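The next block holds one structure in the form of structure tokens; read it before the comments.
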Amino acid sequence: MIFIPLPWQRERMPETPPVFRFAPSPNGLLHLGHALSAVLNHDMAKAENGRFLLRIEDIDQTRCRPEFEAAIYEDLAWLGLDWERPVRRQSAHLDAYASALERLHRLGVVYPSVMTRGEIKAAVAQAEADGRTWPRDPDGSPLYPGRERTYSISERTALLDGGKAYAWRLDMQKAISLFGSAPLTWNENGAGPTGETGTIVTDPAAWGDVILSRSDAPSSYHLSVVVDDALQGVTQVVRGRDLYHATSVHRLLQRLLDLPEPLYYHHRLILGPDGHKLSKSNQDTGIAAFRAAGRTPQEVRALIV
Ligand code: GLU
């Protein structure tokens with residue numbers, strides 16, 4: 001049996017059904033952690049006479065493959081889940097993310113950046129060799145140095161015309177400063193990595209100047225997820241605890257773009273035998289592998305609850 005939390009605090013009209021979604025990226029096979037997320041969303045929606053949507057997050061065309069998308073449908077159907085059709089596929093909605101980005105441009109909170117991963121690494125190594133501590137985001141990656149943030153109009157024009165690949169980034173400090181001193185929060189119905197629950201005060205600054213779009217990926221995860229949750233009327237975001245800290249960025253983007261605030265529920269992660277979070281390359285914990293080994297959907301459900 002799946003644990004069903006107490007009824008969500010509702011801000012919407014009582015007759016409006018809650019909307020849940022499972023939003024995998026088709027860049028590998030689904031594993032037990034995805035099964036937990038999908039089953040939780042599905043069962044919570046059912047328990048609350050709500051809607052259950054499936055969204056394919058395939059913005060990063062360099063890593064997403066049609067065969068993985070087909071496997072998502074097959075695995076979820078095998079688990080006994082049913083979702084609304086048509087399924088929203090992010091790659092078919094690039095215009096929606098482009099207009100959100102355009103709005104951020106108009107607010108003056110984006111800038112073009114050119115440093116490659118290697119260049120960032122070298123800058124961080126240099127700073128650390130000089131005895132400085134370089135700030136890192138909640139996932140452990142160094143924050144973007146951001147020297148293009150203060151470019152003059154002519155320097156920015158030269159950068160854009162220079163032919164080098166660039167990414168649009170959020171000017172985090174400027175974005176935060178638009179909202180005065182009232183803390184930006186979210187309502188956590190599950191729990192964060194150290195048990196945080198209830199009203200959570202965001203800390204988007206911890207992420208630095210996040211990427212919003214790149215030449216090879218026209219929208220970032222952060223931007224497309226908030227646009228889609230709003231466009232699809234998602235009221236409850238139920239997902240793994242690995243995305244708990246990312247919620248700070250999502251709440252900031254929702255505020256900048258004037259989007260509604262969903263309720264959040266971050267669930268536990270399923271760890272592999274080595275104690276680490278499962279990854280899509282863990283073939284042995286893939287849903288398809290269980291199916292191929294003759295296990296039943298009930299047995300797989302029993303492993304995750
Ligand atoms: N597409 C994301 C992933 O596969 C999940 C997005 C979300 O639930 O917000 O990890």
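By convention here, the first residue in the shown sequence is residue 1. Since this is a predicted model, take the numbers as computed values, not measurements. Whatever order the structure lists ligands and atoms in, that order sets their numbers, starting from 1.
- Ligand 1 lies out of reach of His250, whose nearest heavy atom is not under 4.0 Å from it.
- Those atoms of ligand 1 that come under 4.0 Å of a heavy atom in Arg21, given as number and element, are 7 (C), 8 (O), 9 (O).
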Show your reasoning for whether side-chain hydrogen bond (donor to acceptor under 3.5 Å, both in side chains) applies to Asp60 and Tyr221. CA-CA 9 Å; Asp60 186 349; Tyr221 158 64; over 6 Å; no
Start with the C-alpha gap between Trp168 and His105, add the side-chain angles, then the distance that decides, and say whether ring pair (Phe, Tyr, Trp, His ring centres under 6.0 Å) holds. CA-CA 10 Å; Trp168 290 105; His105 272 285; 4.4 Å; yes
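- Checked options Glu188, His266, Gln254; the residue passing with Thr247 is His266 (criterion: side-chain hydrogen bond (donor to acceptor under 3.5 Å, both in side chains)).
- Proximity of Trp207 to Asp139: side-chain heavy atoms (C-beta onward) are separated by under 4.5 Å at one or more points.
- Residue contacts with ligand 1, taken as heavy atom pairs separated by less than 4.0 Å, do not involve His266 at all.
- With ligand atoms numbered from 1 in the order given, ligand 1 contributes 1 (N), 2 (C), 5 (C), 6 (C) to contacts under 4.0 Å with heavy atoms of Glu57.
- The nearest protein atom to atom 3 (C) of ligand 1, hydrogens excluded, is given as Ala23 O, 4.0 Å; this is a heavy-atom distance.
- Using a 4.5 Å heavy-atom threshold, the side chains of Asp75 and Arg291 count as touching.
- Results of the side-chain hydrogen bond (donor to acceptor under 3.5 Å, both in side chains) test with Asp209 over Gln173, Arg149, Arg169 single out Arg149 as the only residue that passes.
- Close approach of ligand 1 to Ser25 (heavy-atom distance below 4.0 Å) involves ligand atoms 1 (N), 4 (O).
- Cation-pi geometry between Arg251 and Trp186 is not satisfied (NZ or CZ under 6.0 Å from the ring centre, within 45° of the ring normal).
- For atom 10 (O) of ligand 1, the closest heavy atom belonging to the protein is Leu243 CD1, 4.3 Å.
- Close approach of ligand 1 to Val225 (heavy-atom distance below 4.0 Å) involves ligand atoms 9 (O).
- Looking at Tyr221 against ligand 1, only its side chain comes within 4.0 Å, counting heavy atoms.
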